[in-house]
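Here the structure comes first, spelled out in structure tokens, and everything after it is commentary.
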Amino acid sequence: MNKYISKFVLMSALAVAGTLGTTSCKDYLDKAPETDYEATDPYKNFTNFQGFIEEIYDCIPIVSNNKNAGHTCFNYGEDEYWEPQELRMQAKSVDDGDFWAWTTAYYGYPNNQGSVPGTDRNDKGNLWGLAWYAIRKCNEGIANLNVFNGTPEERDLIEGQLYFFRGWFHFMLMEWWGGMPYIDTVLPPDVNPTLPRLTWQECAEKCVADFEHAAPLLPIDWDDTTAGKVTMGRNDTRINQIMCLAYKAKTLLWAGSPLMNWASGGSREYNQEYCQRAADAFGETLNLIESTGRYALAPFEQYNDIFLVHNSGGRLNGLDEAIFRENLLQWDSRWRWNMVNDYRPQSIEASGIKVFPTANYVNYFGMQNGYPLPEDITQADNESGYDPTHPWKGRDPRFYKIIMFDGMQYKSGNKGAGTTVHLYTGGADTEEANPNKGCFTGYMNMKFCPQLFNTTDGYKENNIVILSLMRLADVYMMYAEAAAVGYGSPQGKSANYSLTAEQALNKIRDRAGVEHVLPQFLTNTETFLSEVRRERAVELAFEGFRFMDLRRWMLLTQRPYTLKTKIEFDRADPDNYNYDAPEENAIRNLREEVLVERNYTDRHYWYPLYRDDVQMYEGFGQNPGW
């Protein structure tokens with residue numbers, strides 16, 4: 001850790017040494033006066049200080065793909081299944097219980113070892129190093145605020161960003177590795193730190209304090225500030241008050257979640273007090289969002305544009321729903337070639353490392369009438385109307401936006417052979433027909449790969465995917481969870497916001513055209529939380545949230561969340577298949593088979609820390625079991 005927090009000072013020293021080593025005394029004495037450099041120059045005015053802060057923005061990690069034209073993985077729950085013979089993906093190691101792979105795996109966040117030194121995105125997936133470096137930068141900036149000479153507005157913008165980022169980068173570290181030392185001062189680069197690791201909740205309180213400090217200093221929209229008018233129209237990713245409040249609330253909800261409560265010395269249950277504080281913080285956030293219109297849920301007809309845009313003319317995905325995005329570096333070229341190829345089997349695209357949604361995860365997409373699927377999908381359910389002979393009929397409308405199933409069109413042209421997928425047992429696009437590179441699970445992903453996978457319209461070059469690390473739908477669902485737990489029922493609500501937990505969850509369902517939470521799930525908090533968990537699985541599918549959710553809920557080690565499955569089935573009438581409405585076709589012999597069962601213990605709730613770092617000093621210990 002010390003090598004990261006002192007990196008900035010070391011780089012500066014080397015730069016100065018290099019300059020002096022290649023300049024003669026005469027040249028140095030003869031230099032122009034305007035080339036004089038003072039140690040306080042980076043902080044003396046708004047332009048310089050904001051330039052200093054830009055390097056902190058550049059430390060926001062790239063989750064989706066931090067290696068040029070490479071592969072990556074970032075979904076480690078029970079949601080995806082990668083080709084089993086491929087050993088370079090961190091996801092494969094996670095399935096095997098080898099969490100050390102974050103330090104060794106060739107592909108995958110939070111540290112993509114596939115990065116090639118010298119490339120523009122090198123190390124942008126290395127969260128551990130980026131975070132400590134950014135935290136040091138924040139502390140250096142805060143320590144030099146007294147040097148700044150500018151307007152009160154400019155001072156507020158600078159200070160607010162520094163305090164936000166200090167809290168945010170600590171929070172990002174805590175998600176993966178647990179409670180950390182909270183570094184809020186500039187540590188000497190030549191002395192090992194001696195700060196002890198705090199509990200998760202102790203660390204969270206310090207994050208919350210930094211977010212609270214930052215929020216009133218920052219605007220709702222930088223375009224409305226005098227300083228922001230210089231970059232008018234390009235301020236969307238600048239840190240604002242809503243981001244501060246939303247991450248304050250998220251930190252409190254995480255602190256109140258079973259894993260973080262247990263790791264801080266409590267029970268393996270929710271901490272109601274933290275959840276109530278979280279609900280109040282989310283209430284403040286949502287009130288601000290709704291009263292200002294700064295962010296808004298995208299209309300359902302534009303739903304896929306939240307995640308992927310194709311041939312967009314430079315427009316980013318996310319619409320007005322994206323609150324906080326991953327690093328935008330090389331945004332126009334990084335989701336191409338290998339990345340889109342990975343989502344389609346060899347029969348459609350020969351290259352790529354293949355990955356497909358697991359059948360068990362697709363089962364979370366319930367019925368349009370609000371019912372979940374039955375636990376045994378081979379059995380009919382009269383109450384919900386689910387029919388295993390027509391398993392894709394009447395489903396949640398998001399199912400048809402995100403999941404590709406048997407008979408759906410993947411290429412322009414006349415529907416049928418060569419333009420539609422054949423995912424029945426032994427079909428042309430399955431593993432049986434394409435060993436090792438066919439579809440292993442019976443489903444494909446359309447969230448991050450265009451449904452019409454044509455080879456003549458630039459699909460390999462012109463896809464843009466920037467993950468939202470926080471979007472508005474997520475905020476509504478987190479509020480629903482926090483309010484239900486914090487205020488004791490699905491009808492619970494914070495005093496500063498109009499919606500109950502139930503109503504907030506239904507707001508997401510309303511957008512998708514799904515019926516409201518059914519009465520049987522509103523009898524108590526625990527039954528309601530089962531629908532909250534399912535709603536998060538559906539709405540945030542494959543966006544990198546599931547692994548964190550399973551961990552904080554302490555479900556990662558429990559069945560059925562340890563299973564990854566596939567479906568097998570036959571077409572009932574293959575000679576008269578309706579490709580215009582594939583969900584209307586009858587199938588037979590539907591069955592679900594286990595592909596892998598993950599064997600986890602309590603140690604798998606946290607990633608291990610670098611061995612070298614935990615040996616720096618006695619108070620910085622390794623995570624339990626590693």
Side-chain angles (χ1 to χ4, degrees), residues 76-79 94-95 97 99 170-180 196-208 249-279 281-282 360 364 375 477-490 492 501 505 521 523-537 540 545-563 597-609 621-626:
Y76 305 139
E78 82 285 39
D79 37 9
V94 170
D95 279 352
F99 284 14
H170 276 101
F171 173 80
M172 293 294 287
L173 290 169
M174 293 155 57
E175 276 199 309
W176 292 92
W177 294 283
M180 289 285 128
R197 290 186 67 178
L198 304 179
T199 68
W200 214 99
Q201 290 173 348
E202 289 172 336
C203 213
E205 292 290 359
K206 291 183 176 292
C207 291
V208 167
K250 182 173 181 175
T251 302
L252 288 167
L253 176 57
W254 264 227
S257 295
L259 174 61
M260 289 69 173
N261 192 45
W262 175 62
S264 302
S267 67
R268 295 178 180 234
E269 305 292 335
Y270 280 101
N271 181 302
Q272 187 174 13
E273 180 184 353
Y274 268 110
C275 290
Q276 188 173 112
R277 290 172 62 192
F282 279 124
N360 51 280
Y364 291 124
E375 186 173 337
M477 289 185 290
M478 288 190 289
Y479 170 78
E481 181 180 351
V485 176
Y487 287 94
S489 82
L505 201 64
F521 295 108
T523 57
N524 58 64
T525 300
E526 188 52 43
T527 56
F528 177 70
L529 287 177
S530 69
E531 282 295 271
V532 171
R533 290 192 287 266
R534 188 170 70 84
E535 192 67 28
R536 286 185 66 82
L540 302 176
F545 292 95
R546 184 64 175 177
F547 186 57
M548 293 297 177
D549 278 346
L550 290 180
R551 288 171 54 226
R552 69 182 180 90
W553 294 328
M554 296 203 78
L555 296 177
L556 188 72
T557 59
Q558 300 181 30
R559 267 181 166 245
Y561 307 103
T562 56
L563 302 177
E597 180 169 8
R598 308 198 287 187
N599 297 309
Y600 289 157
T601 63
D602 280 349
R603 74 171 184 160
H604 291 100
Y605 280 111
W606 300 113
Y607 268 27
L609 303 167
Q622 182 59 273
N623 280 329
W626 297 106

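Since we're looking at a predicted model, the values are computed, not measured.
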Rounded distance [0.5 Å steps], [atom1] in [X] versus [atom2] in [Y]:
| X | Y | atom1 | atom2 | answer |
| --- | --- | --- | --- | --- |
| Thr251 | Lys206 | OG1 | NZ | 14.5 Å |
| Arg598 | Leu556 | CZ | CG | 6.0 Å |
| Leu252 | Phe282 | CG | CZ | 8.0 Å |
| Ser267 | Met554 | OG | CE | 10.0 Å |
| Thr562 | Asn360 | OG1 | CG | 9.5 Å |
| Met180 | His170 | CE | NE2 | 9.0 Å |

Walk me through it: do Cys275 and Leu253 pass the test side chain to side chain contact (heavy atoms under 4.5 Å, CB included)? CA-CA 5 Å; Cys275 290; Leu253 176 57; 4.2 Å; yes

Inspect the contact between Glu597 and Arg559 and indicate whether a charged nitrogen and a carboxylate oxygen are less than 4.0 angstrom apart.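 Salt bridge flag = yes for Glu597 with Arg559.
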
Provide the closest heavy-atom pair for Ala480 versus Ala501 in the form atom of the first, atom of the second, distance.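 Closest approach of Ala480 to Ala501: O-CB, 3.2 Å.
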
Minimum heavy-atom distance between Phe547 and Gly77, given as atom pair plus value: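 Looks like CB-N, 3.8 Å.
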
Who passes ring pair (Phe, Tyr, Trp, His ring centres under 6.0 Å) against Phe528, sequence neighbours left out?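 Residues passing ring pair (Phe, Tyr, Trp, His ring centres under 6.0 Å) with Phe528: none at all.
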
Show your reasoning for whether side chain to side chain contact (heavy atoms under 4.5 Å, CB included) applies to Glu78 and Leu555. CA-CA 11 Å; Glu78 82 285 39; Leu555 296 177; over 6 Å; no

Sole residue of Gln201, Met174, Glu175 in side-chain contact (heavy atoms from CB on, under 4.5 Å) with Trp254: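 Going through the options one by one, the only one that passes is Glu175.
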
Ignoring hydrogens and geometry beyond distance, is a side-chain donor-acceptor pair present between Asn271 and Arg277 at under 3.5 Å?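 Their side chains do not contain a donor-acceptor pair, so the 3.5 Å distance test is not met.
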
Distance alone, cut at 3.5 Å: any donor-acceptor contact between the side chains of Thr557 and Tyr605?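 Looking only at side-chain atoms, Tyr605 and Thr557 do form a donor-acceptor pair, the distance falling under 3.5 Å.
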
Qualifying residue, where the test is side chain to side chain donor-acceptor pair (under 3.5 Å) with Arg546 and the options are Tyr561, Tyr364, Tyr76: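 Single side chain to side chain donor-acceptor pair (under 3.5 Å) partner of Arg546 among Tyr561, Tyr364, Tyr76: Tyr364.
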
Would you confirm whether the ring centroid of Phe99 sits within less than 6.0 angstrom of the ring centroid of Tyr600?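 Ring centres of Phe99 and Tyr600 closer than 6.0 Å.
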
Pairing residues for Trp553 by the side chain to side chain donor-acceptor pair (under 3.5 Å) criterion, not counting sequence neighbours: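 Scan of Trp553 (side chain to side chain donor-acceptor pair (under 3.5 Å), adjacent residues dropped) gives Tyr270, Glu481.
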
Who passes side chain to side chain contact (heavy atoms under 4.5 Å, CB included) against Thr523, sequence neighbours left out?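 Testing Thr523 for side chain to side chain contact (heavy atoms under 4.5 Å, CB included), a comparison that skips the adjacent residues, returns Thr527.
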
Given the rule in the side chain to side chain contact (heavy atoms under 4.5 Å, CB included) test, do Glu535 and Met477 qualify, once you have shown the distances and angles that lead to the verdict? CA-CA 8 Å; Glu535 192 67 28; Met477 289 185 290; 3.8 Å; yes

Derivation and outcome, side chain to side chain contact (heavy atoms under 4.5 Å, CB included), residues Asn623 and Trp177: CA-CA 8 Å; Asn623 280 329; Trp177 294 283; 4.3 Å; yes

